[in-house]
Enquirer: 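Below is a structure I'd like to ask you about.
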Amino acid sequence: MRFLSSSVGRKVLMAITGFFMLFFVTVHLLGNSSIFIGPGALNTYAEKLHSLGPLVWIFRGFMFLMLAVHVFFGIMLTLENSAANPSKYAIGRKLKATFASETMIWTGVLLLSFLVYHLLQFTVRVTPDIMPDAVANRPGDVYKMVLGSFRITTISLVYVAAMATLFLHLSHGIQSLFQTVGCSNDKTLPKVTMVGKLVSALFLVGYSAIPVLILAGILKN
Amino acid sequence: MSGHSEHNTKTLKLIVWRQAGPDKPGRFETYTAKNITDHHSFLEMLDVVNEDLIKEGKEPIVFDHDCREGICGVCSQVVNGVPHGGHERTTVCQLHMRLFKDGDSIYIEPWRARAFPIIKDLMVDRGALDRIIQAGGYTSAHTGGSPDANAIPIPRHDAEYSMDAAECIGCGACVAGCPNGAAMLFTGAKVSQFAALPQGQVEAAERVANMLKEMQDCGFGNCTNHYECEAACPKGINVKFIARLNREYLKSLL
């Protein structure tokens with residue numbers, strides 16, 4: 001049976017594309033964490049990335065492909081699954097499924113919406129909170145730009161909510177990845193599930209620390 | 001009836017799915033189960049209710065059953081939202097009425113999945129599982145005189161692993177419990193029981209491809225790793241067999 005039409009084949013694609021996006025959020029968090037070293041560190045990191053030129057575009061293209069495949073098959077599998085189970089029971093009692101596992105499509109849709117907003121904000125720089133000088137100079141003073149945006153409480157709250165969504169998505173997704181590619185058995189699954197949740201929590205804390213510390217006035221000019 | 005036995009019996013409210021045929025509309029009907037003791041099994045309790053319905057000239061509740069010992073995999077009822085009632089490693093025929101209290105309300109529904117059309121009331125057509133087996137759940141071997149025991153040495157671990165997978169009785173609780181109506185635990189168990197043994201190697205790639213294709217053609221959904229199947233399975237089939245199925249599929253591509 002052809003890979004793309006096979007139930008397992010398409011799920012393996014979900015797992016592989018998910019893995020690359022997991023890799024991306026890890027690298028992104030490490031890059032963001034330079035803000036804790038100081039304004040200079042974040043700006044130097046931004047300059048370095050900017051100087052890579054075409055490499056950045058190749059990487060962006062690759063990540064876009066990963067995202068597109070993940071979203072496409074995610075929606076397709078969800079539609080197929082609701083067609084395969086059209087009538088629900090009078091009492092919906094679950095034994096092992098979790099809130100995270102049952103809401104993957106919705107956390108996915110929320111994350112996709114956040115991603116579009118996040119790119120418009122800090123990459124394209126067209127949201128109203130972005131100062132004109134950040135639009136004119138690229139990469140410019142990224143530290144100042146981030147500080148300016150996250151000082152607005154609503155923007156910080158949206159960001160933290162998105163990271164909570166990412167936590168939910170990954171707390172199911174990481175162990176699911178291992179199970180789908182077959183790297184799982186009864187001994188490793190509980191451990192992988194636990195480590196997956198810990199890693200997801202680390203992303204939540206790591207990413208959210210930036211707006212929280214800015215709002216608290218600890219990260220400042 | 002003596003006062004003593006009355007003291008020991010329970011009266012239960014049953015809310016049962018009734019459906020006259022595959023394409024007929026279904027609905028819940030409420031019945032009272034009277035004179036139920038701790039010693040009745042769930043199916044015996046339904047027998048009592050059906051006796052009463054027959055005496056009243058009403059159509060009895062249709063349900064599947066055979067061995068009533070928890071080994072055949074024929075009984076198939078979702079009790080209070082969980083296939084086989086949700087007690088660990090218990091088929092609905094082995095679910096005993098001591099687990100229910102006097103006055104309890106119990107919802108009884110058939111397995112619900114697109115691949116399992118309802119025949120009548122609580123009875124569904126699980127032929128789809130047979131079609132998955134026909135697609136590859138066997139080994140092609142020349143028959144003849146029985147071979148010597150241990151003619152093919154199999155490590156104990158592999159034999160145990162295969163037997164664990166072969167414990168599946170094909171009841172379909174995994175499908176009924178799955179939010180996606182997927183049959184991956186069933187198919188995984190059936191693929192794994194052969195994959196672990198030397199006899200299964202010859203047709204391994206063909207088997208997994210054919211069984212997966214049949215699974216999809218039958219209208220089962222895709223696994224999203226909720227693991228409801230494992231929790232609902234009366235034989236405790238582990239989801240490691242789904243991981244094995246995924247592995248066998250990837251191996252078949254090479």
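To find a chain, count down the sequence lines: A is the first, B the second, and so on, and within it residues start at 1. The basis for the numbers below is simple: all heavy atoms, side chains too, and nothing from hydrogens, waters or symmetry mates.
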Enquirer: More than 12 foreign heavy atoms under 6.0 Å from CZ of A:F19: is that the case here?
Expert: no
Enquirer: Could you pull out the closest heavy-atom pair between A:F3 and B:Y249, with the gap in Å?
Expert: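 Residues A:F3 and B:Y249, closest heavy atoms: CA-OH, 3.3 Å.
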Enquirer: Got more than 12 heavy atoms from elsewhere within 6.0 Å of CZ, A:F73?
Expert: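 More than 12 heavy atoms, drawn from other residues, nucleotides or ligands, come within 6.0 Å of this atom.
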Enquirer: Measure distances from B:N238 to the heavy atoms of chain A and classify the residue's part below 4.5 Å as side chain, backbone, both or neither.
Expert: side chain
Enquirer: What part of A:A83 is in contact with chain B, defined as an atom under 4.5 angstrom from a non-hydrogen atom: side chain, backbone, both or neither?
Expert: both
Enquirer: To the nearest 0.5 Å, what is the distance between OH on B:Y227 and CD on A:Q175?
Expert: 3.5 Å
Enquirer: Quick check for you: to the nearest 0.5 Å, what is the distance between A:S87 atom OG and B:R114 atom CZ?
Expert: 11.5 Å
Enquirer: Is the shortest distance from a Lys or Arg side-chain nitrogen in B:E228 or A:K94 to a carboxylate oxygen in the other one below 4.0 Å?
Expert: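 No, this pair does not count.
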Enquirer: Quick one: which of A:S101, A:G9, A:A84, A:A97 has the most heavy-atom pairs under 4.5 Å with chain B, could you say?
Expert: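 Option with the top pair count is A:A84.
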Enquirer: To the nearest 0.5 Å, what is the distance between CH2 (B:W111) and OH (A:Y89)?
Expert: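 Here the rounded value is 7.0 Å.
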Enquirer: On a heavy-atom basis, which atom in A:S184 and which in B:A243 lie closest, and how many Å separate them?
Expert: O-CB, 3.4 Å
Enquirer: Which atom names give the shortest non-hydrogen contact between A:Q179 and B:V239, and what distance separates them?
Expert: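 Shortest heavy-atom separation between A:Q179 and B:V239 comes out as NE2-O, 2.9 Å.
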Enquirer: Restricting to non-hydrogen atoms, name the atom on B:P179 and the atom on A:N85 that form the minimum distance, rounded to 0.1 Å.
Expert: O-ND2, 2.8 Å
Enquirer: Would you mind checking which part of A:L77 comes under 4.5 Å of any heavy atom in chain B, side chain (CB onward), backbone (N, CA, C, O), both or neither?
Expert: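 Both parts, backbone and side chain.
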Enquirer: Work out which heavy atom in B:F28 is nearest to a heavy atom in A:A90; give both atom names and the distance.
Expert: CZ-CB, 3.6 Å
Enquirer: With a 4.5 angstrom heavy-atom cut-off, is it the side chain or the backbone of A:K187 that approaches chain B, or both, or neither?
Expert: neither
Enquirer: Counting heavy-atom pairs under 4.5 Å with chain A, which one of B:H226, B:K240, B:M215 comes out on top?
Expert: B:H226
Enquirer: Is B:I242 in contact with chain A via its backbone, its side chain, both, or neither, using a 4.5 Å heavy-atom distance?
Expert: both
Enquirer: Are more than 12 heavy atoms, taken from residues, nucleotides or ligands other than A:Y117, located less than 6.0 Å from that residue's OH atom?
Expert: yes
Enquirer: Between B:E248 and chain A, with a heavy-atom cut-off of 4.5 Å, which part of the residue counts as in contact: side chain, backbone, both or neither?
Expert: neither
Enquirer: For a side-chain contact (heavy atoms from CB on, under 4.5 Å) check, start with the C-alpha distance between A:V8 and B:L212, then their side-chain angles and the critical distance, and finish with the verdict.
Expert: CA-CA 8 Å; A:V8 178; B:L212 272 177; 3.6 Å; yes
Enquirer: Looking only at atom types and distance, does a side-chain atom of A:K11 sit under 3.5 Å from a main-chain N or O of B:C223, one as donor and one as acceptor?
Expert: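 A pair under 3.5 Å: yes.
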Enquirer: Extract all donor-acceptor atom pairs below 3.5 Å that involve side chains of residues 157-177 of chain B and protein atoms in other chains or at least two apart in sequence.
Expert:
from   : atom 1 : to     : atom 2 : distance (Å)
B:E160 : OE2    : B:R156 : NH2    : 3.0
B:Y161 : OH     : B:R244 : NH1    : 3.4
B:S162 : OG     : B:Q193 : O      : 2.7

Enquirer: If we count only N and O atoms by modelled type, under 3.5 Å, do the side chains of A:T180 and B:N225 hold a donor and an acceptor together?
Expert: yes
Enquirer: Measure distances from B:F220 to the heavy atoms of chain A and classify the residue's part below 4.5 Å as side chain, backbone, both or neither.
Expert: backbone
Enquirer: Within a radius of less than 6.0 Å around CG of B:D23, do more than 12 heavy atoms belonging to other residues, nucleotides or ligands occur?
Expert: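 Incorrect, the count does not exceed 12.
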Enquirer: Heavy-atom distances under 4.5 Å only: say whether A:S82 touches chain B with side chain, backbone, both or neither.
Expert: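 A:S82 has no heavy atom closer than 4.5 Å to chain B.
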Enquirer: Might you point out which heavy atoms bring B:A232 and A:L95 nearest each other, and give the distance in Å?
Expert: N-CD1, 4.0 Å
Enquirer: Between the side chain of A:N81 and the main-chain N/O of B:N222, is any donor-acceptor distance below 3.5 Å?
Expert: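 Answer holds: yes.
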Enquirer: Looking at B:Q216 and A:S6, would you say the former's side chain and the latter's main chain have a donor-acceptor pair under 3.5 Å?
Expert: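 Not at all, since once roles are kept as given, no pair shorter than 3.5 Å links the two residues.
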